[in-house]
Amino acid sequence: MDCLQAWPEPVVRVQSLSESGAHTIPARYIKPPNDRPSPTTMSDSNVRIPVVDLSADPEHAVQAVASACREWGFFQVVNHGVDPALMRRARDVWRGFFHEPMEVKQPYANSPKTYEGYGSRLGIKKGALLDWGDYYYLHVRPASLRSQKKWPALPSSLRPTTDEYTQELVKLCRQLMQVLSTGLGIKEGRLHEAFGGEEDGACLRVNFYPKCPQPDLTLGLSPHSDPGGMTVLLVDDHVKGLQVRKADAWVTVQPVPNSFIINIADQIEVLSNGVYKSVEHRVMVSSTAERLSMAFFYNPRSDIPLAPIAELITSERPALYQTMTYDDYRLYIRKNGPKGKTQVESLKTVQN
Ligand code: OGA
Ligand code: NI
């Protein structure tokens, strides 16, 4: 684990590069031509990720969520029960943090050992190409890892607001876990139980994508699937950026105001034995607008073996994934950075 102690080279804040006023980006951020945001995306077509009304008839909501998770791995939820004013306050305090002077942010600089704090890269490969974004990563659950002292002290309302926001999101995730279980035809508490029940985990990563002078050459976040259970993403209402893989194309998500974007992550793909899909996604940046997003990662207890749920294994559909703990699983992205779906593919018992 020694290799995870320190970053392989000095950390450069993307926000500082952006604010330097340079008209070009450093070579480290320039993606190979095939990995750049391309004009072959479906962004302007009518293809949209599904929108689900959580206050609708429960049976209807279950079907809508289940089919979205099978076909897209992504959906947006409206009428989800979280107060829009709290959502706005959460974004405002975090935008406030990123706009504090560097001396205020720098004491929270993170290390690859825990990732907690203010960061500017994923992965520890020396010389790796980098993404155009800074972030703040913090632990929400279990209680033993949650330490408000590691959260920014400024703006002064950040800690209480983040506390309130993350508690609401844990509730929403537990509700969605029941919907997901029912959609799989298993007991409504089954996924939660497989996550370790009350020992379930959660983290928050607030991403900050500064304006970029050459947005066509880079990405805010390279293609990846999320390693944990499920992700609840809150984005700016008026700035697009997230793209979701659909077959060979990238579909740009059109944010619905006051909604959350939900996606299945690798561990629910594994537990559902591949019925629900953890889908690759990436982030584009802009020359005219900065963008803030709050990715709430709801995760299984990290030290228990995770494998397809027994009720979902049949002779026609044997277990498609090997057993692993989440602690072992997440080391991969922490070392290698975002690498598409290569990690969950490597767990498959039959390679295709
Ligand atoms: C993530 C992520 C998307 C976004 O943080 O894992 O995919 O829009 N974020 O910032
Ligand atoms: Ni993601």
Side-chain angles (χ1 to χ4, degrees), residues 14-15 37 41 43 49 69 72-76 87 90-91 94-95 98 110 115-123 130-140 166 169 173 201-212 215 218-246 250-257 259-269 276-286 289-299 326 329-330 332-334 336-344:
V14 175
Q15 194 173 359
T41 59
S43 56
I49 66 168
C69 295
W72 286 86
F74 266 84
F75 55 99
Q76 300 195 67
M87 296 162 71
R91 277 180 301 202
W94 279 99
R95 200 184 295 287
F98 284 100
N110 74 343
Y115 271 84
E116 185 151 32
Y118 180 42
S120 295
R121 69 184 286 166
L122 286 170
L130 300 177
D131 290 337
W132 192 264
D134 299 323
Y135 63 85
Y136 202 102
Y137 183 79
L138 57 84
H139 291 288
V140 172
T166 54
L169 262 61
C173 286
C203 316
L204 179 68
R205 186 168 67 218
V206 184
N207 299 296
F208 184 75
Y209 306 104
K211 288 181 194 169
C212 177
T218 192
L219 289 168
L221 190 52
S222 290
H224 64 283
S225 63
D226 295 343
M230 90 172 114
T231 305
V232 178
L233 186 74
L234 176 59
V235 300
D236 284 330
D237 290 342
H238 303 294
V239 194
K240 286 183 280 190
L242 177 63
Q243 293 190 313
V244 174
R245 164 88 79 183
K246 185 71 175 159
W250 291 101
V251 175
T252 303
V253 175
Q254 318 282 332
V256 175
S259 74
F260 289 109
I261 299 164
I262 314 282
N263 66 281
I264 296 296
D266 294 348
Q267 303 312 318
I268 289 185
E269 176 173 317
Y276 292 156
K277 305 290 187 305
S278 172
V279 167
E280 254 183 293
H281 49 286
R282 68 180 191 183
V283 175
M284 296 185 302
V285 291
S286 154
E290 66 181 37
R291 179 170 175 271
L292 181 106
S293 76
M294 299 181 64
F296 180 84
F297 302 117
Y298 179 65
N299 298 328
Y326 186 50
Y329 191 86
R330 69 177 157 197
Y332 181 95
I333 192 168
R334 290 187 172 190
N336 301 304
K339 286 279 177 289
K341 278 206 70 170
T342 53
Q343 188 183 12
V344 70

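All ligand and atom numbering here is 1-based and tracks the order in the structure.
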Spatial distance of atom NZ (Lys277) from atom CZ (Arg245) [nearest 0.5 Å]: 15.0 Å
Are the side chain of Glu269 and the backbone N or O of Ser278 linked by a donor-acceptor pair below 3.5 Å? yes
Show the atoms of ligand 1 that are less than 4.0 angstrom away from any heavy atom in Phe297. 5 (O), 6 (O)
Heavy-atom closest pair (Leu221 atom, Asp131 atom, distance to 0.1 Å) is CA-OD2, 3.5 Å
Hey, what's the ring geometry for Tyr136 with Trp94, parallel, tilted or perpendicular (30° and 60° as the breaks)? tilted
Which of the atoms of ligand 1 are close to Arg205, meaning less than 4.0 Å from one of its heavy atoms? 1 (C), 5 (O), 6 (O)
Heavy-atom contacts with Val283 under 4.0 Å: which atoms of ligand 1 show up? List them by number with element. 3 (C), 4 (C), 8 (O), 10 (O)
To check your reading of the model: name the closest protein heavy atom to atom 2 (C) of ligand 1, its residue, and the distance in Å. Leu221 CD2, 3.5 Å
Heavy-atom closest contact (Asn110 atom, Gly119 atom, distance): OD1-CA, 3.3 Å
Of all N, O or S atoms in Asp226, the one closest to the Ni ion (ligand 2) is OD1
Measure across Tyr276 and Cys69 and return the closest heavy-atom pair with its distance rounded to 0.1 Å. CD2-CB, 3.3 Å
Do the side chains of Val285 and Arg291 get nearer than 4.5 Å, heavy atoms only? no
With heavy atoms only and a cut-off of under 4.0 Å, state how Tyr135 meets ligand 1: side chain, backbone, both or neither. neither
Taking 4.0 angstrom as the limit and counting only heavy atoms of Ala295, give me the atoms of ligand 1 inside it, by number and element. 5 (O)
Can you tell me which residue and heavy atom of the protein come closest to atom 8 (O) of ligand 1, and the distance to 0.1 Å? Arg291 NH2, 2.8 Å
I need the NE2(His224)-the Ni ion (ligand 2)-NE2(His281) angle, rounded to 10 degrees. 90°
Can you sort out which atoms of ligand 1 are near His224, meaning under 4.0 Å from one of its heavy atoms? 1 (C), 2 (C), 6 (O), 7 (O)
